[in-house]
Q: 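Can you keep this structure in mind? I'll have questions shortly.
These numbers come from the heavy atoms of this one structure, side chains and all, not from hydrogens, waters or symmetry mates.
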Amino acid sequence: MFNSIKSAKRKVITFDDDEENISSQGHDTQSTAAPAEQKSSKATKTKAQKESESSEPTSTAESQEEPTPSTTTLTKKQKRQQQHQYDRPKKIANKEPTTEAIIAKAKDLKKHREALPIYTARDIIIKEVKENACVVIVGETGSGKTTQIPQYLLEAGLAAHGTISVTQPRRVAAINLAKRVAEEVGTPIGQKVGYSIRFDDTSSKDSLIKYMTDGIMLRELLSDRLLLRYSVIILDEAHERTLRTDILFGMVKSIQKKRADMIQAGRRDIQPLKIVIMSATLDAEKFSEYFYNAKIMYISGRMFPVKILNTVEPQSDYVDSALVTAFQIHQDEAPGDILIFLTGQEEIESLEKLIEEYAVDLPPTVGKLIPCPIFAAQDSATQQKIFEPAPHGTRKVILATNIAETSITIPNIRYVVDTGCHKSRGYNAKIGIESLLVEPISKSSARQRMGRAGREAPGLCFRLYTEDSFDQLDEDSIPEIKRCNLESAILSLKATGIEDPTKFDFMDRPSKSGLLKSLEHLYALEALDDTGALTEIGKKMAAFPVDPPYAKVLLQSEKMECTKEAIEIISLLSVDTIFSAPSSKREEANEARQKFMSLDGDHLTLLNTLRAYESVKGDRDWCRENFINSRHMRHVMDVRKQLIEFCERAGMDPRKSCGHDLEIVLKCFLAGFFQNTALLQPDSTYKSILGGLTVSIHPSSTLFGKKREAIMYNELVFTTKHYIRGVSALESAWLSQAAPKYFGNRHA
DNA sequence: GAGCACTGC
């Protein structure tokens, strides 16, 4: 059914054409919420449906991340943020709606709420949550579960003795959901409905429903171990199995039991805790089993059918296959944009070039095919471009990483091309080394990608692999907790009173060696003592919202009197990179960076850049001219502000500066990173001091290609080599001073 | 000579 592109002399890729192979986001299952609704939704789209869909997070658009807070509900915190001295994007002047207008809107929305398919299940949901301690709810995309269920529980009186909280893995989602639900409830954001994310908390004591990131919930656990302010905790997007939701599973489960025990013992001031797990994938048995065989409820969604087309033959080069497929779609299929999932920036940029080259040969009767790259490292202005509609008669082809799988929803996608691969972070627990490698996706990822074609109309999903290959994919991705460094999580567990994290009630247990590696490193950082108990240092470290080695650097900076510089460098290292490097202007970008370069390496180069940024008050034009990512830089300033507050709270002076004696800052960093050091070898390579691993300085480092006696690095990730990033030069004599226990004999 | 995506009272 697919014709070749004559002028482009390309091979043709044949896809199977099995009519049975139609899926409307998956599966026929028992559904408590009117399964017939799903079929009718394919034909026409009611206004209510559109409304329900718009309640889903729609983009990472910066404007959404930085909402215009209503002037009547400004918290002290928000007021402080508004006075931020750095150049932020202009906020759109938003005339505050009147109370009458808000109520009228809510009344209007009520009709739409009642037209949602989930509404038919309202009473059952309320009944189940009232009668059971734990409930698992499976809701397909567009079911409205995340906006409606908290409101049902509120209307049923479940917020009488505490707030209903809904955790989210992503900030934008928490913001958008809270705004939407506030509208439906009919009060300004921050009153009955609020959200809480890092740097931005609109919730108040009176909030009845609170959307928050899972990270915030984990932080709250440190000060409120029984989470007494909450009556219901809804853990949303549970299927994503992020490290933080996995930790929360175990935490809320034990809190629920503790509270029940206290009530049993006659404590009248304690209320029971309800747990609701919400997931988008169907195999919810695992969640159910973990939560005492909790009842599972299924809610159907509002997806259009997507036809799956697998290739007949395995493809040896998926970038090339994606190129051919894109042109096949463009020439053969009805209007609608194409979304291609690739693994990284390099692939995206090479496919972009290829598409531009081949588009030249398109016959004049065929409209243009416009490639639009999107990945996380772009600056926000570039990211916004994919939301601009294609000119009439042309077609956009979006080249995306996994960012388009969950984080960004792009409108008008009718065709998905799935390469079947992604880049995934791994962790070898035995040697304690992280990796970032291309790997096959899971079946649930493939379904998620497919679903991106059926949000607005029926779509097609072209899988660049055979049906057999699909069958061999894992059902789900390996949960993050089994493939990442656990230091931070372990320190949090210790700080919330869990003495033996190896005995924690994990839904999926991390490997013993991974746990031990983390415990060992925490011991080396003096966060744990010989018996494995949390030390005073460890307690202080756990309070800081940074990884343990950075927390150690902050504590050390007090002794070395360079807290100001430590805070600043740690803030700068909290983003991937502050430098923006569009590959098309690489030369210019490198030249601009020379101005800030320190011969000592990346830490002091970052500090120089921050000074320059401050001297122009974060001017956005200056950022553009100097290839500084202003979005990342503003994040750096937010982190700095927060770390200053945390240091003050810990009784430290965040203004203590070492002035021009910057060598002391590097020595200070060694307190957290003495294990991340390497020595120059006679053959000009670097060998890590502990472990003797040959490491290579990443090309993005200022020390790339330089030969220094000894170096320290923040990060080691295996890709094509063991690359180290965040590198600075040392004198080897500093090592024995920084960690005599480890280097005392060697350099005495 | 090159890094997927998230997140922190």
Q: Are more than 12 heavy atoms, taken from residues, nucleotides or ligands other than A:Gln681, located less than 6.0 Å from that residue's CD atom?
A: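 More than 12 within 6.0 Å, yes.
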Q: Nearest of B:dT7, B:dA2, B:dC9 to any side-chain atom of A:Gln642?
A: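 The answer is B:dC9, which lies nearest to the side chain.
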Q: Would you say that more than 12 heavy atoms from the other residues, nucleotides or ligands in this model lie under 6.0 Å from the CD1 of A:Ile478, or not?
A: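 Open.
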Q: Any donor-acceptor pair under 3.5 Å linking the side chain of A:Thr245 with the backbone of A:Thr242?
A: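 Here the side-chain-to-backbone pair exists.
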Q: Within the structure shown, what part of the strands sits under 4.0 Å from A:Glu240 by heavy-atom distance: base, sugar-phosphate, or nothing?
A: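 The answer is nothing, as A:Glu240 stays clear of every strand by at least 4.0 Å.
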Q: What nucleic acid atoms does A:Leu436 come within less than 4.0 Å of, heavy atoms only: base, sugar-phosphate, or nothing?
A: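 If one applies the 4.0 Å heavy-atom cut-off, A:Leu436 turns out to touch a base.
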Q: Side chain of A:Arg198 only, heavy atoms from C-beta on: which candidate in B:dA2, B:dC9, B:dA5 is closest?
A: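 Among B:dA2, B:dC9, B:dA5, the one nearest the side chain of A:Arg198 is B:dC9.
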Q: When you check the phosphate oxygens OP1 and OP2 of B:dC6, does a side-chain N or O of A:Gln168 lie under 4.0 Å from one of them?
A: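 No, no such contact exists.
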Q: What contact category does A:Val438 fall into here, base, sugar-phosphate, or nothing, at under 4.0 angstrom with non-hydrogen atoms?
A: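 Since no nucleic acid heavy atom lies under 4.0 Å of A:Val438, the category is nothing.
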Q: For the side chain of A:Ser407, counting heavy atoms from C-beta on, which of B:dC6, B:dA2, B:dC9 is nearest?
A: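 Ranking B:dC6, B:dA2, B:dC9 by closest atom to the A:Ser407 side chain puts B:dC6 first.
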Q: Could you tell me whether A:His698 contacts a base, only the sugar-phosphate backbone, or nothing, with contacts defined as non-hydrogen atoms closer than 4.0 Å?
A: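 Counting heavy atoms under 4.0 Å across all strands, the contact made by A:His698 includes a base.
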Q: Looking across every strand, which nucleic acid part, if any, lies under 4.0 Å from A:Arg170 by heavy atom: base, sugar-phosphate, or nothing?
A: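 Sugar-phosphate, backbone atoms only, no base.
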Q: Using a 4.0 Å heavy-atom cut-off, does A:Thr242 contact any base of the nucleic acid, only the sugar-phosphate backbone, or nothing at all?
A: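 Answer is nothing: A:Thr242 stays at 4.0 Å or more from every strand.
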Q: Quick check: does any side chain N or O of A:Ser207 sit under 3.5 Å from a backbone N or O of A:Gln191, one acting as donor and the other as acceptor?
A: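 Flag set: sc A:Ser207 to bb A:Gln191 pair under 3.5 Å.
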Q: If you compare every side-chain N and O of A:Ser223 against the phosphate oxygens of B:dC9 (OP1, OP2), does one of them come in below 4.0 Å?
A: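 No, outside the criterion.
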Q: So what does A:Ser488 hit on the nucleic acid, given a heavy-atom distance under 4.0 Å: a base, only sugar-phosphate, or nothing?
A: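 Since a base atom lies under 4.0 Å of A:Ser488, the category is base.
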Q: Nearest to the A:Pro699 side chain among B:dA5, B:dG8, B:dA2, which nucleotide is it?
A: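 When the side chain of A:Pro699 is considered, B:dA2 is the closest of B:dA5, B:dG8, B:dA2.
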Q: With a 4.0 Å cutoff (strictly under), does any side-chain N or O of A:Arg219 reach OP1 or OP2 of B:dC9?
A: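 Yes, within the criterion.
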Q: Among B:dA5, B:dG8, B:dA2, find the nucleotide with the atom closest to the side chain of A:Tyr723.
A: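 Between B:dA5, B:dG8, B:dA2, the one nearest the side chain of A:Tyr723 would be B:dA2.
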Q: Please determine, for the side chain of A:Leu222, which listed nucleotide (B:dA5, B:dG8, B:dC9) has the closest atom?
A: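 Between B:dA5, B:dG8, B:dC9, the one nearest the side chain of A:Leu222 would be B:dC9.
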Q: Ignoring the backbone of A:Asp547, work out which of B:dC9, B:dG8, B:dA2 is nearest its side chain.
A: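 Within the option list, the nearest is B:dG8.
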Q: Is any side-chain nitrogen or oxygen of A:Thr406 closer than 4.0 Å to OP1 or OP2 of B:dC6?
A: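 No, A:Thr406 has no side-chain N/O under 4.0 Å of OP1/OP2 on B:dC6.
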Q: Let me know the distance between CG of A:Leu221 and P of B:dG8, rounded to the nearest Å.
A: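 Spelled out: CG on A:Leu221 to P on B:dG8 is 15 Å.
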Q: Is a donor on one side and an acceptor on the other found under 3.5 Å between the side chain of A:Glu352 and the backbone of A:Cys372?
A: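 No, because the side chain of A:Glu352 does not come within donor-acceptor range (under 3.5 Å) of the backbone of A:Cys372.
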Q: Look at all strands and tell whether A:Glu347 reaches a base, only sugar-phosphate, or nothing, counting heavy atoms closer than 4.0 Å.
A: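 Contact class for A:Glu347: none.
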Q: Measuring from the side chain of A:Phe704 (C-beta onward, heavy atoms only), which nucleotide among B:dA5, B:dG1, B:dC9 has the closest atom?
A: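 In terms of side-chain proximity for A:Phe704, the closest of B:dA5, B:dG1, B:dC9 is B:dG1.
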Q: Among all residues two or more places apart in sequence or in another chain, which pass the side-chain contact (heavy atoms from CB on, under 4.5 Å) test with A:Asp474?
A: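 Checked A:Asp474 against side-chain contact (heavy atoms from CB on, under 4.5 Å); zero matches.
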Q: Under 4.0 Å: is that the gap between some side-chain N or O of A:Ser700 and OP1 or OP2 of B:dA2?
A: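 Checking A:Ser700 against B:dA2: no side-chain N or O falls below 4.0 Å of OP1 or OP2.
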